[in-house]
There are 2 protein chains.
Amino acid sequence: MFSRVLQISLVTRKKGCRAAVVKAKKTTIHDVAKAANVSIAAVSFALNGKGTLSQATREHIIATAEHIGYQADALARGLRRSRLGAIGIVNRSLDLLGEYFLPGIDAFDRTISTLSALALQRGLAPVVLPDLTGASIPAISLALDGYIIVSPQSGDPVLELLDNREIPYACIGFDPSQAGFRSWASEDDAESCLQVMEHFRRQGAQHPSLLRGESENSWNVSSEQAYRTWCAAQGVQPQVHVLDESSGVAGAVGLFDKLWPQNKTDAIYAMTARHAVGIVTAALDQGVDVPGELLVATGSDSEAARFSRPAISAIQLNPNEVCADALNLLIERMEEREPSGPVLRRAKFRPRSSSLRR
Amino acid sequence: MFSRVLQISLVTRKKGCRAAVVKAKKTTIHDVAKAANVSIAAVSFALNGKGTLSQATREHIIATAEHIGYQADALARGLRRSRLGAIGIVNRSLDLLGEYFLPGIDAFDRTISTLSALALQRGLAPVVLPDLTGASIPAISLALDGYIIVSPQSGDPVLELLDNREIPYACIGFDPSQAGFRSWASEDDAESCLQVMEHFRRQGAQHPSLLRGESENSWNVSSEQAYRTWCAAQGVQPQVHVLDESSGVAGAVGLFDKLWPQNKTDAIYAMTARHAVGIVTAALDQGVDVPGELLVATGSDSEAARFSRPAISAIQLNPNEVCADALNLLIERMEEREPSGPVLRRAKFRPRSSSLRR
DNA sequence: CACATTGTATAAAACGTTTTATGTCCTTAA
DNA sequence: TTAAGGACATAAAACGTTTTATACAATGTG
């Protein structure tokens, strides 16, 4: 553990040299053909294990290709095969917020890097992309082999675009307006909601309410749906508040100040962590005891929830699993196999002081 | 804020249909040419604002292209222009660790998503890639327009590869063995180290020591160098410990248990946050008072440092700025302009209870 | 001996662009 | 009337592959 390997290799490298002067010419399939004294078709066949070549020439070609350090050009190959070996990752929540720099929202970063790592594991290059319907997207945006769409919105135009072009995609979450679509993976948001409601009830809450985000993605929609169903079954008057996701802590503080005390809720399930933090903050400011007078829980665990005082009860999500599921579903579609989805993951509710009486 | 816009568009989409049956044929430049009754060359010229066309035909072509929804194929264009509009992002620390799933290390995720967002802002598609010298990398890996190499190692083979092929790149951090290279951006790690040492001295430390990671990147190398220089100037015996980065909290605990109490250091600057947490944990376990008997600080701020008890003093880095600097340097090289780097950012030292006596 | 079959290898078309090299028509100057 | 030039448009080459169609032996069959 203390050993220190100083592996400074003393390569002399042309560093920072003006690269323009002499363009290093690529070694192409023609070079290999010339070196091996065969046609370029033979080279292609040998390297791809196709065609009808004798074992001898096959080996000879592979050897010379290796010798002169040939590597097929990805673009030329992609053009011909119409397969590039790369997939796009589009996060519709970020698109909707119109803001790609979100300090403190580690969930988005996490999703991107997890999907990237998983894609690489399967030999696919991950390309992060913005709203595919945008005007000035990178040229490569629509040339990839498939797409993972994170948090599609209801009636999402990006999905429509991909459908029209018959480009394979899979979603994390689903488009609430497309009931028949099957290639999606998600946390079981409805079930999570029920866990929270049952917990609230056991802790003595009579009038639990829901605070969801504004955007019409499956996370918000399924949760609200589950909440309303639960209310109906329990004979409870449902009470749903909708707040712009980007309003953050301040937004929830504003909401609470407007609400309290006319409103007679005694438990709030705030889907986004920062809204939950805002509710707790505002409540304490107004002298409302949490959890004494008001129970609070949130739908996505995070540092913000864990380190708030009191610590906020939260649904602990499974980003790694859900990302892996989505990627499997995408690859399935890329290979034109029948969709095996949707795939749901059960999330675990972590009760903390914000919703534990006594 | 409470308004709820339900924008369910009632598009009927062919969802989940077997895409293979009828391959939707792409609209190509030939289709546009036919529709506008001109040659494909004319279309290309019109759409790229080149060639010698009358204003009239130019506009006519653009209109028809728009009308039939033409978009140039990125691969064909890339093949011809040898420019794809995409850049690669390679994190050598992750490569070295051989592990791309690092729970709790938000810094790496952060770098990836920040670089991605910045690249997109400039119209470049970001592609996350593993070690470019690897055997089974995605085909596209070496076909991009340029590369950002995060934390290159001393004598890094990836840089050598890029140099040989004369592919533009810029680094975050630098290769310690390549003094003349200029296209890199970084935190001013040497200066950060001095800030910590001066702080230790002011707090009464006599024998400050350094705990660095094993890998030979500029972060570790510059810090150690600065530390040794400072020690020499102060007439202090330098004391450097090297620990594998991936050993995490447990690694640092093990180190401390082996070290203490023969070792007579009274302040430790642990570069990585999890090592600092390990030191603090092990110290408290052995009844060593922090900061009473031992001062601790770390070189990269994080949740782990902030929420440790006592909270750990830390260097607060500027990932956004450094990423932006690196991207600027890369674009500079892609446009064959003279390198304007290196660019250093001064980080701020945040003293917390772990190193504040009284 | 004629004819089909098999085993190897190649020529050439195709992928969808960009760009260079030609061309045609029209105007102007000699 | 002819040459020279300008304005506009196109044909064709090129980018580097993959793949289809074709060629040419050598071998087997009736």
Side-chain angles (χ1 to χ4, degrees), chain A residues 23-62 64-65 68-86 138-145 165, chain B residues 23-62 64-65 68-86 138-145 165:
Chain A
K23 265 289 180 227
K25 242 199 304 229
K26 269 190 80 138
T27 66
T28 108
I29 199 173
H30 289 95
D31 301 328
V32 182
K34 208 165 292 177
N37 208 22
V38 292
S39 69
I40 61 162
V43 177
S44 177
F45 286 146
L47 263 39
N48 296 310
K50 301 188 177 179
T52 57
L53 295 180
S54 72
Q55 196 54 31
T57 48
R58 219 173 266 283
E59 281 165 7
H60 173 225
I61 291 174
I62 290 176
T64 48
I68 68 178
Y70 167 73
Q71 266 191 287
D73 180 87
L75 298 191
R77 163 176 288 177
L79 176 59
R80 191 49 234 230
R81 285 194 187 163
S82 59
R83 270 216 166 203
L84 189 53
I140 204 185
S141 299
L142 293 169
L144 305 178
D145 300 344
R165 306 211 180 192
Chain B
K23 264 291 179 220
K25 241 192 303 210
K26 269 191 80 138
T27 66
T28 107
I29 199 173
H30 288 95
D31 301 328
V32 182
K34 207 166 292 176
N37 210 20
V38 292
S39 70
I40 62 161
V43 177
S44 178
F45 286 146
L47 263 37
N48 295 311
K50 301 189 175 177
T52 59
L53 295 180
S54 72
Q55 197 55 32
T57 47
R58 220 174 264 281
E59 283 165 6
H60 173 224
I61 292 174
I62 291 175
T64 48
I68 68 177
Y70 168 73
Q71 264 191 289
D73 180 88
L75 297 191
R77 164 176 287 174
L79 176 58
R80 192 47 235 231
R81 287 195 185 160
S82 59
R83 269 219 166 201
L84 189 53
I140 204 184
S141 298
L142 292 169
L144 304 177
D145 301 343
R165 305 211 180 193

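Quick note on labels: first sequence line is chain A, next is B, and so on, each numbered from 1. Keep in mind that what you see is a predicted model, and the values were worked out from it rather than measured.
Listed by chain and residue number, A:Leu129, A:Leu132, A:Ile137, A:Pro138 satisfy the side chain to side chain contact (heavy atoms under 4.5 Å, CB included) test with A:Ser141 (two or more places apart in sequence, or in another chain). Remark: B:Thr27 pairs with no residue by the side chain to side chain donor-acceptor pair (under 3.5 Å) rule, at least two apart or across chains. Residues satisfying the side chain to side chain donor-acceptor pair (under 3.5 Å) test with A:Arg83, not counting sequence neighbours, are none. With sequence neighbours excluded, no residue satisfies side chain to side chain donor-acceptor pair (under 3.5 Å) with A:Arg58.
A heavy-atom distance below 4.5 Å is not found between the side chains of B:Leu53 and B:Val38.
Residue A:Thr28 has a polar side-chain atom (N or O) positioned under 4.0 Å from OP1 or OP2 of D:dT17. Phosphate proximity of C:dG16 to B:Lys26: absent, as no side-chain N or O sits under 4.0 Å from OP1 or OP2.
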Within the sub-3.5 Å range, which N or O atoms of nucleotides 10-12 of chain C have a protein N or O partner, and how far apart are they?
| unit_1 | atom_1 | unit_2 | atom_2 | d |
| --- | --- | --- | --- | --- |
| C:dT10 | OP2 | A:Ser39 | N | 3.1 |
| C:dT10 | OP2 | A:Ser39 | OG | 3.1 |

Protein-nucleic acid N or O pairs under 3.5 Å, nucleotides 22-27 of chain C:
none

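Distance CD1 (B:Ile29) to C1' (C:dT19): 11 Å, rounded to an integer number of Å. The distance between atom CG of B:Leu47 and atom C1' of C:dT19, rounded to the nearest whole Å, is 15 Å. Taking atom CZ on A:Arg81 and atom C1' on C:dC15, their separation rounds to 13 Å, with Å as the unit. Taking atom CG of B:Asp31 as the reference point, atom P of C:dC15 lies 11 Å away to the nearest angstrom. If you measure from atom NZ of A:Lys50 to atom C1' of C:dT8, you get 19 Å, rounded to the nearest angstrom. In this structure, CG of A:Asn48 is placed 10 Å from C1' of D:dT19, rounded to the nearest angstrom.
Here the side chain of B:Ser44 pairs no donor or acceptor atom with the backbone of B:Ile40 at under 3.5 angstrom.
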Scan the side chains in residues 70-77 of chain B for donor-acceptor partners under 3.5 Å anywhere in the protein, sequence neighbours excluded, and list what turns up.
| unit_1 | atom_1 | unit_2 | atom_2 | d |
| --- | --- | --- | --- | --- |
| B:Gln71 | OE1 | A:Arg165 | NH2 | 3.2 |
| B:Asp73 | OD1 | B:Lys26 | NZ | 2.9 |
| B:Asp73 | OD2 | B:Leu75 | N | 3.0 |
| B:Asp73 | OD2 | B:Ala76 | N | 2.8 |

Table please: side-chain donor-acceptor pairs of residues 30-37 of chain A below 3.5 Å, with sequence neighbours left out.
| unit_1 | atom_1 | unit_2 | atom_2 | d |
| --- | --- | --- | --- | --- |
| A:His30 | ND1 | A:Thr28 | OG1 | 3.4 |
| A:Asp31 | OD2 | A:Thr28 | N | 2.8 |

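The shortest non-hydrogen separation linking A:Ala65 to A:Leu47 is CB-CD1, 4.2 Å. When every heavy atom of B:Leu144 is checked against every heavy atom of B:Ile140, the shortest pair comes out as CG-O, 3.7 Å. In terms of heavy atoms, B:Gly85 sits closest to B:Asp145 at N-OD2, 2.5 Å.
Contacts between residues 54-62 of chain A and DNA chain C, defined by a heavy-atom separation below 4.0 Å, involve A:Ser54, A:Thr57, listed by number. Residues from residues 69-80 of chain A placing a heavy atom under 4.0 Å of any atom in DNA chain C, listed by number, are A:Leu79, A:Arg80.
When the C1' atoms of four end pairs are superposed on the next four at each end of the helix from C:dC1-D:dG30 to C:dA30-D:dT1, using five pairs per end, the two resulting axes differ in direction by 80°, to 10°.
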